[in-house]
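First comes the structure, then the notes that go with it.
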Amino acid sequence: IVPGWFSEISAMWPGEAHSLKVEKVLFEGKSDYQDVVVFESATYGRVLVLDGVIQLTQRDECAYQEMITHLPLCSIPNPKKVLVVGGGDGGVLREIARHKSVDQIDICEIDKMVVDVAKEFFPDVAVGFEDPRVNLHIGDGVAFLREVPEGTYDAIIVDSSDPVGPAQALFERPFYRTLDQALRPGGVICTQAESLWVHMPIIKNIVSACRHTFKGSINYAWTSVPTYPSGLIGFMLCSKAGPAVNFLEPCNPIDQAIDPEKSSRRPMKFYNSAMHAAAFSLPQFAKVELEHL
Ligand code: AAT
C-alpha cells in the first residue's frame, strides 16, 4: 500500500499487518509450492517471505530458532536422533548442532527453493547444513513421517509455516499420530504453534489434538519474535508415553556447554535456562482457555 514498505497482510491475522521498510528486493521467485521473496529491510536485516508471510529476519531469527530447538532438546537427557520437518533455511539445524550428544540430524523440507535461497542470502542461517550429521530430504513432511520406522527419533521439531498451503496437514491429527509413532518412548516433539493473541482457535485445536495423541507431558510455551504476527509465537511441546519428561525444568542445559573459543558458530543470543522456564508461563486468559480441552 505504502511505496517502499512491505506489509504482512493475511486472512490469518485480519485487521492488522506488521510493516517493514524495504531497502532493496534481492530475490523474487515462484517455486512449485509458494512465492519466495527476499528483501533487505531498513532495521531487521534481510527478510525471507513465503506467500506474503515473514518466515525469518536476520535480526530476530535467533529467538525463534533457538527456542524451538532448545526447548525440546534441553528437556531430555542425551538426544541422539533428531528430525526437523520444514525449516529449510537451516537455522534449526544450526541450533541442533550445538548438542554434542546428537549423532543424526534428518530434515524433510518440501521446497528446495527455500534451501537454495537460504544458502545464497542467509549464510549465517544456512550454515546449519554444513554439519556432517545432517541428511537433507526434499519432500512433504506428511509423506516422510508415514515411512519412518516406529521409535526412531529422540526428538522431532516441526518448524512449519502457517496452516494454509503446504503446511496445513502438519496441523492435523493424522500427522500428530505419525509423530508419536516415530518417537522412541519418552521422546519429544516441538511444533510451531502460532500466536496467543491472534490464533486461539487454532491453538485450542492443536492442544486438544495433542492431548488426544501424546500420552506423556503436554505443555504450551511462547516467546517474543517482533516480526511474527502480534510479535510473539508459541510452541507445542509433547512427550510420548515412557520415561517422564518435565519440560518446565530443563535436565540437559547447554548454557555452560557453549565454548565460543572452540565453536566456529556464533554463541547463542536468546536461549538460556531462565528463558526456557519462563516460556511456559501463560497469561491468565490463555491458561483458562487451554485448561479444559
Ligand atoms: N525457520 C523459519 C521459519 C519457518 S519456515 C517453514 C518451512 O516449512 C518453509 O520452508 C516451508 O517450505 C516448509 N514447509 C511447509 N509445508 C511443509 C510440508 N508439508 N513438509 C515439509 N516442509 C514444509 C516457519 C515460519 C512461521 C511463520 C509464522 N507466521
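Numbering of ligands and ligand atoms starts at 1, following listing order. Positions are given from 1 along the sequence.
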* To do: Kindly confirm or rule out an N or O of Ile54 lying under 3.5 angstrom from an N or O of ligand 1.
  => no
* Asked: Just by modelled atom types, is the Lys24 backbone N or O under 3.5 Å from a matching donor or acceptor in the Glu40 side chain?
  -> no
* Considering distance alone, does some N or O of Tyr64 sit under 3.5 Å from an N or O of ligand 1? -> no
* For Gln65, is at least one N or O under 3.5 Å away from an N or O on ligand 1? -> yes
* Asked: Taking only heavy atoms of Cys108, which atoms of ligand 1 are found under 4.0 Å from at least one of them?
  -> 21 (C), 22 (N)
* Under 3.5 Å, N or O to N or O, is Trp13 touching ligand 1 that way? -> no
* Should you measure from each heavy atom of Ala167, which atoms of ligand 1 turn up under 4.0 Å away? -> 15 (C), 16 (N)
* To do: Just go through Leu170, Asp159, Ile107 and tell me whose heavy atom is the nearest to atom 3 (C) of ligand 1.
  => Asp159
* Structure fact -> One finds that the ligand 1 atoms under 4.0 Å from a non-hydrogen atom of Asp140 are 18 (C), 19 (N), 20 (N)
* To do: Could you give me the CA-CA distance, side-chain angles and deciding distance for Asp154 and Arg184, then say whether salt bridge (Lys or Arg N to Asp or Glu O under 4.0 Å) is met?
  => CA-CA 6 Å; Asp154 298 285; Arg184 54 97 168 145; 2.7 Å; yes
* Only one of Val36, Val37, Asp116 forms a side-chain contact (heavy atoms from CB on, under 4.5 Å) with Phe27, so which one is it? -> Val36
* **Aromatic ring pairing Phe39/Phe6, orientation class (parallel under 30°, perpendicular over 60°, tilted between)** => tilted
* Does any N or O atom in Asp111 lie less than 3.5 angstrom from one in ligand 1, N or O only? -> no
* **Test log, rule side-chain hydrogen bond (donor to acceptor under 3.5 Å, both in side chains), inputs Gln34 and Asp111** => CA-CA 8 Å; Gln34 49 210 348; Asp111 195 343; 2.9 Å; yes
* **Polar atom proximity, Val142 to ligand 1 (N or O, under 3.5 Å)** => no
* Salt-bridged, Arg266 to Glu66, with N to O below 4.0 Å? -> yes
* To do: Give a yes or no on whether the backbone of Leu56 and the side-chain of Tyr228 come within a donor-acceptor separation of less than 3.5 Å.
  => no
* **Distance-only N or O hit between ligand 1 and Gln55, under 3.5 Å** => no
* Does the pair Lys81/Asp103 count as a salt bridge with the N-to-O cut at 4.0 Å? -> yes
* Structure fact -> Nearest non-hydrogen contact to atom 24 (C) of ligand 1 from the set Ala143, Gly141, Ser160 belongs to Ser160
* Using non-hydrogen atoms of the residue, decide whether Gln34 is closer than 4.0 angstrom to ligand 1. => yes
